[in-house]
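Structure first, commentary second.
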Number of protein chains: 2
Amino acid sequence: MEDETARRGPKRSLSADQIVTVAMGMFDGETPSIRGVAARLNVRPNTLYTYLPDRAALERALVDRLLAEADPDVLVGRRGWRRRIEDYAVSLREVLLERRGAAALFHAAPMDGPTAAIVGERLLGAFVEAGLDPVSASRAAYAVIVHVLGSASLTAADLGDTTEAALIEARRQAVIDPDAFPLTAATLDTAATWNTVDQFRWSLRALLEGCVTPPRPS
Amino acid sequence: MEDETARRGPKRSLSADQIVTVAMGMFDGETPSIRGVAARLNVRPNTLYTYLPDRAALERALVDRLLAEADPDVLVGRRGWRRRIEDYAVSLREVLLERRGAAALFHAAPMDGPTAAIVGERLLGAFVEAGLDPVSASRAAYAVIVHVLGSASLTAADLGDTTEAALIEARRQAVIDPDAFPLTAATLDTAATWNTVDQFRWSLRALLEGCVTPPRPS
DNA sequence: ACCTGAACACCGTTCAAGT
DNA sequence: ACCTGAACACCGTTCAAGT
């Protein structure tokens, strides 16, 4: 009948979950470091190795938490499949851009956590609903993941320390030689918005459209 | 009338280009480090700061070299626009996967070098040829970049230290609960090939198709 | 003008020792 | 069982000093 905290005594002052939660609040351009997280927890760096085998484990856990933060529940419901996919994608993009350095994580750690499995299953469901056969649905689901993460991390890299507005302005002011790069010069204003949600929605819609279009004869 | 090397004497034993060239041969999962490159050049780490302002400059230079290695010339010629884009994309993917750690670079350093400008201009040309208006061509060009880099770095992350064949086999052997994840379980064999060129070509074609399809009314 | 020694403030990780 | 001190082998970068 002991209460929860006393059940086995306060031997463990930490847990892997707690460590990951603290780390989630420490994105600042880099992935939170083992030493940094330990310092925040007022504990020596090697203490964390009681709960995590290595840094890669922390990274995998962070990847899964970020996927969950984007709320996989928007992938189900009675709205159309396009809308559901787009909403989750936009949400994930937002989550990743809110925390500087989060996007890059996905290119260092594999997505093999429980939330990744749920997101995968639901993406498949949306594409089956769109009329795709299972093989195409699987390919389409991965294509969407690729596009969302690619976009988020490229944007994160371009943003660096500045704001979106500053980046757009800087891009607009770029000096392009119109003789060597006529098309680039003519489309400078559009290129200036490459890192906006609007561009993201445009390319994601194009991808979805292409995924559900029967392949043309090559 | 002095010869080239003697013109100002052998004061400089290095050049930024030389440093970048050496670094290009040192991808091993991480971006080559300043200290590592210096060691390879038989020079003290801080010597490199005579030629490069900081590590970020090395990274930007490497990004441009990698884009060039994929050979932007395949983007021009008399072959169809789809073929030209796909060939460059596949080539860039290959270049990035050949050097472990190369793909991740693009998500840390902006693409602002001379080769990036050429690739951009030629992608725009291909999409204009496809009949897109300038604004759509610009968006489509960026969408392609996003997709290629997203795919390459996700694949690099999944591959880790193993080979493609080993990864496919491991994915095929994965145990999925068919009650909780019916679609995932049913499409396991396709998911096993997510990191292959075939999947890459499939999703890239879908993206291109969607880019040249007139937008549907939302 | 170029290169270096020495130092600073960081990393991830291991291992034997303490409680 | 958990936490730590100390150490190892790394980072990028700065700065005063040497040639």
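Residue numbering restarts at 1 for every chain, and letters A, B, ... go by the order of the sequence lines.
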Quiz question: by atom type and distance under 3.5 Å, do the side chains of A/Ser136 and B/Trp202 form a donor-acceptor pair? no
Donor-acceptor contacts, no H, no angles, side chain residues 23-33 of chain A, under 3.5 Å, sequence neighbours left out:
| residue | atom | partner | partner atom | Å |
| --- | --- | --- | --- | --- |
| A/Asp28 | OD1 | A/Glu30 | N | 3.4 |
| A/Ser33 | OG | A/Gly36 | N | 2.8 |

Side chains of B/Thr193 and B/Gln199: any donor to acceptor distance under 3.5 Å? no
Over how many whole Å does the gap from B/Arg44 atom CZ to C/dT4 atom P extend? 5 Å
Of the listed D/dG5, C/dC3, D/dC3, the closest approach to the A/Tyr51 side chain comes from D/dC3
Would you mind reporting whether A/Ile145 and A/Phe106 have side-chain heavy atoms less than 4.5 Å apart? no
Using whole Å, report how far CG of B/Leu52 lies from C1' of C/dC2. 14 Å
Residue matched to D/dT13 through Watson-Crick or wobble contacts both under 3.5 angstrom: C/dA7
Could you measure between the two C1' atoms, the one in C/dC11 and the one in D/dA7, and give it in whole Å? 14 Å
Write out a two-atom table: protein N or O, nucleotide N or O from nucleotides 12-19 of chain C, distance below 3.5 Å.
| residue | atom | partner | partner atom | Å |
| --- | --- | --- | --- | --- |
| C/dG12 | OP1 | A/Ile34 | N | 2.8 |
| C/dG12 | OP1 | A/Arg55 | NE | 3.1 |
| C/dG12 | OP2 | A/Ile34 | N | 3.2 |
| C/dG12 | OP2 | A/Arg35 | N | 2.9 |
| C/dG12 | N7 | A/Arg35 | NH1 | 2.7 |
| C/dG12 | O6 | A/Arg35 | NH1 | 2.8 |
| C/dT13 | OP2 | A/Tyr49 | OH | 2.7 |
| C/dT13 | OP2 | A/Arg55 | N | 2.8 |
| C/dT13 | O5' | A/Tyr49 | OH | 3.2 |
| C/dT14 | O4 | A/Asn46 | ND2 | 3.3 |

Restricting to pairs with a member in residues 143-185 of chain A, which pass ring-ring contact (aromatic ring centres under 6.0 Å, His included), not counting sequence neighbours? A/His147-B/His147
Using Watson-Crick geometry (N1-N3 plus N6-O4 or O6-N4) or G-U wobble (N1-O2, O6-N3), each under 3.5 Å, C/dA1 is paired with D/dT19
Round to a whole Å and report the spacing from CG of B/Leu41 to P of C/dC3. 11 Å
Within the 3.5 Å criterion, strictly below it, is a donor on B/Trp194 or A/Ser138 matched to an acceptor on the partner's side chain? yes
B/Ser13 side chain N/O closer than 4.0 Å to the phosphate oxygens (OP1, OP2) of C/dC2? no
Here the distance between atom C1' of D/dC2 and atom CD of A/Gln18, to the nearest Å, is 14 Å
